[in-house]
Student: 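Quick one: this structure, given as structure tokens, is what I'll be asking you about.
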Amino acid sequence: MPVMRTAPLLVLLMGGTLTLGAQAQPRVVPQPPPAPQVSPLERTLRVEGVGEVKVAPDEAFIDVAMETLAPTAKAAAEENARKMDKVIAALVQAGIPRKEIETRNFSVFPEYQPQPRPEEAPKLRGYRVSNLVEVHVRELSRVGTLLDTALGAGANRVDSVRFGLSKPEVVQGDALRNAVERARQSAQVLATALGVKLGPVLDASTVSEPPHPFPAVARLEMARAGGAADVTTPIQPEEQTVTARVTLIFAIEPAGPGR
């Protein structure tokens, strides 16, 4: 009867195996962290404002030049220096301080005669020397007279007449205040339309555009060319525009219990 004793043992072993499997711990699957709660205080409103201020200029810059042509570079430079000294002396005599007259460009270059046929070699005509000085004028009413003075002393080129501001930072401050006020007004309009209440300013940034010397509206054809030597060259300065841009970020106050 050995067979009869062995069978119950096999059944017990199988049962033990099943019991051990049922007692194993289940695998835990990690869960994602809960999404953070957004505080109502973090709600913001971003607006931009642009401010402009127009102001009359209080200074001018005149660029006058002397050009000379001579067979050699040395001769052209010497003649140019002699004539430009005369122009500068006339401006100083007219009341412009010497320190307000600065050389901006000096050049020497060969000049060739135009050739009727392209195959012909160019022929040197001479050397041209150009000397340009900038004259700083603080009395705008004298700009036209000073132009006539320089041309009458021998200057043969006027490159530009520009107007500017001696203290642009003052006007830039006004433009910035204007930009902030406009941005604040825009924020209030938006808040009212959205049915929310503005909180404090959380961030502010700005970009200012400094004024640049503005070209004058000038009639540079000389009246003396027509025989009227007592007529001053008319110069009409234009207003300078200073612009500032500002970006403001406002907090939106949380809604009350009843809202």
Student: Between Val180 and Leu190, is there shared hydrophobic-cluster membership here, with clusters defined by ILVMFWY side-chain heavy atoms closer than 4.5 Å?
Tutor: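 Yes, it is one cluster - the side chains of Val180 and Leu190 are joined through contacts under 4.5 Å.
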
Student: Give the intermediate values and the outcome of salt bridge (Lys or Arg N to Asp or Glu O under 4.0 Å) for residues Arg177 and Glu181.
Tutor: CA-CA 6 Å; Arg177 281 186 286 271; Glu181 182 60 28; over 6 Å; no

Student: Rounded at 0.5 Å granularity, tell me how far CD in Gln93 sits from NZ in Lys86.
Tutor: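 Separation between the atoms: 13.5 Å.
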
Student: For Thr103, run the side chain to side chain contact (heavy atoms under 4.5 Å, CB included) check against Ile88, Leu132, Val133 and tell me which one passes.
Tutor: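 Among Ile88, Leu132, Val133, the one that satisfies the side chain to side chain contact (heavy atoms under 4.5 Å, CB included) with Thr103 is Val133.
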
Student: Write down the atom of Gly126, the atom of Leu69, and the distance for their closest heavy-atom approach.
Tutor: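 Heavy atoms only, the tightest pair is C-CD1, 3.9 Å.
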
Student: Rounded to the nearest 0.5 Å, what separation is found between the CD1 atom of Ile249 and the OG1 atom of Thr44?
Tutor: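 Between atom CD1 of Ile249 and atom OG1 of Thr44 there are 6.0 Å.
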
Student: Any non-hydrogen side-chain atom of Phe250 less than 4.5 Å from a side-chain atom of Val47?
Tutor: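 Of all side-chain heavy-atom pairs linking Val47 with Phe250, at least one is under 4.5 Å.
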
Student: Does Ala204 offer a backbone N or O that forms a donor-acceptor pair with the side chain of Thr247 under 3.5 Å?
Tutor: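 The answer is no, because no donor-acceptor pair under 3.5 Å joins these two groups.
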
Student: Counting N and O atoms only, with roles assigned by atom type, does the side chain of Arg125 sit under 3.5 Å from a partner on the main chain of Glu111, one being a donor and the other an acceptor?
Tutor: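 Side chain of Arg125 to backbone of Glu111, a donor-acceptor pair under 3.5 Å: no, none is there.
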
Student: Would you say the side-chain atoms of Arg98 pair up with the backbone N or O of Ile101, donor to acceptor, closer than 3.5 Å?
Tutor: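 Yes, the answer is positive, given that a donor and an acceptor are paired below the 3.5 Å cut-off.
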
Student: Is a side-chain donor-acceptor pair under 3.5 Å present for Arg82 with Thr68?
Tutor: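 No - no donor-acceptor pair under 3.5 Å links their side chains.
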
Student: Check for me, please, whether Val92 and Met84 land in the same ILVMFWY cluster - side-chain distances under 4.5 Å, paths through other members count.
Tutor: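 They do share one cluster, since a chain of ILVMFWY contacts under 4.5 Å joins Val92 to Met84.
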
Student: Please name the pair of heavy atoms, one in Ala244 and one in Ala179, separated by the smallest distance, quoted to 0.1 Å.
Tutor: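 Nearest pair, atom of Ala244 first, then Ala179: O-CB, 3.5 Å.
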
Student: Please examine the side chains of Asp85 and Val87, heavy atoms only from C-beta on, and report whether any two atoms are closer than 4.5 Å.
Tutor: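 The answer is no; the side chains never approach within 4.5 Å.
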
Student: Could you walk me through whether Phe106 and Val129 pass side-chain contact (heavy atoms from CB on, under 4.5 Å), step by step?
Tutor: CA-CA 7 Å; Phe106 183 88; Val129 174; 3.6 Å; yes

Student: Is the closest side-chain heavy-atom distance between Gln240 and Phe163 below 4.5 Å?
Tutor: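 Yes - at least one pair of side-chain heavy atoms lies under 4.5 Å apart.
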
Student: Roughly how far apart are Thr206 OG1 and Glu48 CD, rounded to 0.5 Å?
Tutor: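 Rounded to the nearest 0.5 Å, the OG1-CD separation comes to 10.5 Å.
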
Student: Within this structure, what is the NZ-CG distance for the pair Lys83 and Asn156, rounded to the nearest 0.5 Å?
Tutor: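 Taking NZ in Lys83 and CG in Asn156, the distance rounds to 7.5 Å.
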
Student: Starting from the C-alpha separation in whole Å, work towards a yes-or-no answer on salt bridge (Lys or Arg N to Asp or Glu O under 4.0 Å) for Glu169 and Lys167.
Tutor: CA-CA 6 Å; Glu169 63 278 1; Lys167 295 181 179 180; over 6 Å; no

Student: Any salt bridge between Arg157 and Asp159, counting N to O under 4.0 Å?
Tutor: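 Yes.
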
Student: Working to the nearest 0.5 angstrom, can you tell me the gap between Glu100 CD and Phe61 CZ?
Tutor: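 Glu100 atom CD to Phe61 atom CZ measures 8.5 Å (nearest 0.5 Å).
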
Student: Are Leu198 and Leu194 joined in one hydrophobic group, where the rule is that I, L, V, M, F, W and Y side chains link up if heavy atoms are under 4.5 Å apart?
Tutor: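 Yes, Leu198 connects to Leu194 through the hydrophobic network.
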
Student: Check the surroundings of atom CZ in Arg128: do more than 12 heavy atoms from other residues, nucleotides or ligands lie under 6.0 Å from it?
Tutor: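 Yes - once you tally the heavy atoms of other residues, nucleotides and ligands closer than 6.0 Å, there are more than 12.
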
Student: Check step by step if side-chain hydrogen bond (donor to acceptor under 3.5 Å, both in side chains) holds for Ser166 and Arg138.
Tutor: CA-CA 9 Å; Ser166 60; Arg138 301 182 186 275; 5.8 Å; no

Student: Are the side chain of Asp203 and the backbone N or O of Leu248 linked by a donor-acceptor pair below 3.5 Å?
Tutor: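 Side chain of Asp203 to backbone of Leu248: no pair is present.
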
Student: Return yes if some donor-acceptor pair links the side-chain N/O of Asn80 with the main-chain N/O of Met66 below 3.5 Å, else return no.
Tutor: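 Pair found, side chain donor or acceptor close to backbone of Met66.
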
Student: Is it true that Asp63 and Arg162 make a salt bridge, defined as a side-chain N closer than 4.0 Å to a carboxylate O?
Tutor: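 So Asp63 pairs with Arg162 through a salt bridge.
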
Student: Report yes or no: do Val201 and Val246 belong to one cluster of Ile/Leu/Val/Met/Phe/Trp/Tyr joined by side chain heavy-atom distances under 4.5 Å?
Tutor: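 They do share one cluster, since a chain of ILVMFWY contacts under 4.5 Å joins Val201 to Val246.
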
Student: If you compare all heavy atoms of Ala90 against all heavy atoms of Ala153, which two are closest, and at what distance to 0.1 Å?
Tutor: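 What the structure gives for the nearest pair is CB-CB, 3.6 Å.
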
Student: Could you measure the distance from the OG1 atom of Thr241 to the NZ atom of Lys54? Nearest 0.5 Å is fine.
Tutor: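 Going from the OG1 atom of Thr241 to the NZ atom of Lys54 covers 3.0 Å.
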
Student: Can Val242 and Leu165 be said to form a side-chain contact (heavy atoms from CB on, under 4.5 Å), step by step?
Tutor: CA-CA 10 Å; Val242 182; Leu165 302 173; 4.2 Å; yes

Student: Kindly give the heavy-atom pair with the smallest separation between Tyr127 and Ala76, and that separation in Å.
Tutor: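 Smallest interatomic distance, heavy atoms only, reads O-CB, 3.4 Å.
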
Student: So which heavy atom on Ala191 is nearest to which on Leu45, and how close?
Tutor: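 Ala191 and Leu45 have their closest heavy atoms at N-CD1, 4.1 Å.
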
Student: Check whether any side-chain heavy atom of Glu134 sits under 4.5 Å from a side-chain heavy atom of His136, and report yes or no.
Tutor: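 Not in contact.
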
Student: Applying the 4.5 Å side-chain criterion to the ILVMFWY set and letting contacts propagate, would Val64 and Leu140 be lumped into a single cluster?
Tutor: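 Yes, Val64 connects to Leu140 through the hydrophobic network.
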
